[in-house]
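Heads up: numbering here begins at 1 and tracks the sequence. All values below come from the heavy atoms of this structure, side chains included, with hydrogens, waters and symmetry mates left out.
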Amino acid sequence: IPQQGMNLKITNATIMNKIHLQYPTMNYSLSSLFHHSMAHAILFGSYQTTKRMLLSNITLPNNNNNYDISHAAIISTAGGIAGQLQHVTSHLSEQ
């Protein structure tokens, strides 16, 4: 809290830091756009690919209850693999 009668010196650096945080530069925006686009492409692409590969290679049982459990396990596995690939890609593209 400034004391009464004390001059506060506002520098250009202080103003630029506030502006920079509120209005990112074009270079930052393009980098962020590329980072998010690549991460989402990996997430959705690897999910669909993994799910289709697992569904085509596994024979699901005829029983409805077992079919639902097997199908849910395949979807869960595909989602887990896709999430891990997206996490690694996102981490590497931030560097």
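Taking CG of L55 as the reference point, atom CD1 of I74 lies at 4.5 Å (rounded to 0.5 Å).
Members clustered with I69: none, using a 4.5 Å side-chain heavy-atom cutoff among hydrophobic residues.
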Extract all donor-acceptor atom pairs below 3.5 Å that involve side chains of residues 39-48 and protein atoms in other chains or at least two apart in sequence.
unit_1	atom_1	unit_2	atom_2	d
H40	ND1	H36	O	2.9
S46	OG	I42	O	2.5
S46	OG	L43	O	3.3
Q48	OE1	R52	NE	3.3
Q48	OE1	R52	NH2	3.4

Donor-acceptor pairs under 3.5 Å, side chain of residues 75-89 to any protein atom, not counting sequence neighbours: which ones?
unit_1	atom_1	unit_2	atom_2	d
S76	OG	A72	O	2.8
T77	OG1	A73	O	2.8
T89	OG1	L85	O	2.8

